[in-house]
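Note on naming: letters A, B, ... go to the chains in the order of the sequence lines (proteins, then strands), and numbering restarts at 1 for each one.
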Amino acid sequence: MSVSIEDNLAEAKRIKYEAGVWVERQDGRALCDEEKAEFEAWLDASTAHRVAYWRADAAWSSANRLSALRAIETPRGESRLRRLWPLLTRAIAGAFAAALLVGGAAYYFPRDSEQTYATATGEHRAIALEDGTKITLNTDTVLHASLTRRERLIRLDHGEAFFQVKHETDRPFIVMVAGHKVTDLGTKFLIRADSGELEVALMEGRARLDTVDSWLQQHSAVMVPGDVVMATGNSLSRVTQTVREMNNALGWQRGVIVFYRTPLSEAAAEFNRYNKEKIVIASTSLRALPINGTLAANDPQQFARVLRNLFNIQAQTRGEEIVISR
Amino acid sequence: MDTKPDQGMFADGDAAAVRRWFVREVLPLEAALTQFLRRLRRNKDDVDDLCQDVYVRVCEAALKEIPRSAKSFVFTVARNLVLDEMRREHIVPIDAASDLELLGIAAETPAPDQSVIAREELRLLQAALDDLPPRCREAVVMRKIEDLSRREIAARMNIAEKTVSRHITEGICALADAFYGGLAEERRQA
């Protein structure tokens, strides 16, 4: 009975416009016989036409109530400009840059005034430093903060943290991680350190990333908006991400994980970062199955349930493991 | 499944009842419906297409019998549509599935006070009007608020009557999208 989705793709917009044309033609005047026949034929051509017409006509009739606003007309143009600002600021927020330079070994020695912050597996924690900088720690993360008069120094032992730095011209904000040094110039950035690998994603502002490889060669790279720099002991690579992908990577801040066409095996690995209960993919044929979606980081059972209900994929709990199989 | 609807299937008196029901009960759900569909399709055009498909299925079913609860019926149709798409694409939209679990709860939320709805509607209309392109807005204001004829509007704006009609058509489309949820939804996300 219904029209298939494929036939309809990108059609709704056109049909809505046609419906608008018919509402306009009948607004405050009657159709002539010829127009009437044309209109009837258009309506009968598909239920989608009829429904779109009902919708447009109902909206236009509701707009009669706008006459109540006659007295409180706002000046033209002004409100549009005001609405542009959030768009502009969002565009700026997407901007992102970083460079790699020589790491400073001196920063590695612990300081007396140092504070240590840590999260357990599955835990998130937001901390506010006394300078107004906010740091959000993801699961299984340890970092040390030491604020002196000359500089603000963070050492990230392992894990992942999102920084929203309050810029101070004469007191740099420095993050040391696995031999790399990130110097902030008023930024929001995400750092993840995973078994010798470092990933830095900058959301806003500017930052400089200094590093030295195992042959003591120094590396530097300037990133353009949307870039993510990944550094291992001896290599540097750069990928470009959309702002959306970058926000997905920050999903954990809201306690969720976001997947977009992610292979099931990667999704499971991501999940396992947060939970003691580990997901194991037993059938190799399932490893590449792409998945989309947002789910609670702390609920692997929900993930298993969805796979089971939707695709008749087996999900069995055995002790601390959830085994996924065909 | 893919057959076109019968010609003139809405020609009898039942169509008027379905139309009243659709406008009163179904259209106010559009904001929630598009938000739900957006979990599956990020592209706005695709969401519009899915939404249209839900409306078509809902209205064709309502011709036989008008469902008792519009909300649960609309979301059941949407859910089936989403599940079909998910199976076809071999993609697991987990949030969509978990939302489906939550729908039963969402359907029980009490309806807001009528006066609140009326005020909210007026606010939405005003916002939609503000958002129209300047010339389009000008034409809509003269037609709807000042109740001028197309000829008078054409003379005041120094444009052809045909152009006035085009501006108003665009205004109708934009107001419908804003009023039934598109714009309100985008704002909430912004």
Rounded at 0.5 Å granularity, tell me how far [atom1] in [X] sits from [atom2] in [Y].
X	Y	atom1	atom2	result
W21(B)	W54(A)	CH2	CH2	9.5 Å
I145(B)	N64(A)	CD1	CG	10.5 Å
C51(B)	R55(A)	SG	CZ	7.0 Å

Practice task
Using a cut-off of under 4.5 Å on heavy-atom pairs, state which of E170(B), R166(B), R150(B) scores highest against chain A.
Solution key: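 The answer is R150(B).
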Problem - Heavy-atom contact with chain B under 4.5 Å, split by part of D57(A) - result: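 Contact with chain B is through the side chain of D57(A) alone.
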Exercise for the section: Determine, stepwise, if the pair V51(A) / Q52(B) fulfils side chain to side chain contact (heavy atoms under 4.5 Å, CB included). Expected result: CA-CA 8 Å; V51(A) 167; Q52(B) 173 188 284; over 6 Å; no
Handout entry: Residue pair W22(A) / T169(B), side-chain heavy-atom distance below 4.5 Å
Key =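 A side-chain contact is absent here, since even the closest heavy-atom pair is not under 4.5 Å.
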Exercise for the section: Would you check if F22(B) and R50(A) make a side-chain contact, meaning some heavy-atom pair closer than 4.5 Å? Expected result: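 Counting from C-beta outward, F22(B) and R50(A) never come under 4.5 Å.
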Problem - Among G20(A), A52(A), G28(A), A19(A), residue most engaged with chain B (heavy-atom pairs, under 4.5 Å) - result: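 Of the options given, most contacts go to G20(A).
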Practice task
Compare every heavy atom of V23(B) with every heavy atom of A58(A), then report the nearest pair and how far apart it is.
Solution key: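 For A58(A) versus V23(B), the nearest heavy atoms are CB-CG1, 3.7 Å.
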Handout entry: Closest non-hydrogen atom pair, D49(B) against A12(A)
Key =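 So the minimum-distance heavy-atom pair works out to OD1-N, 2.7 Å.
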Exercise for the section: Below 4.5 Å from any heavy atom of chain A, which atoms of Y55(B) appear? Answer side chain, backbone, both or neither. Expected result: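 Looking at Y55(B), backbone and side chain both touch chain A.
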Exercise for the section: Step through the shown structure and confirm whether more than 12 heavy atoms of other residues, nucleotides or ligands are within 6.0 Å of CZ on R151(B). Expected result: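 No, because the 6.0 Å sphere around CZ of R151(B) holds 12 heavy atoms or fewer from other groups.
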Handout entry: Sidechain-backbone polar pair: D48(B) side chain, K13(A) backbone, donor-acceptor under 3.5 Å
Key =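 It does not hold such a pair.
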Problem - Residues K16(A), D177(B): salt bridge by 4.0 Å N-O rule - result: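 Result for this pair is yes, salt bridge flagged.
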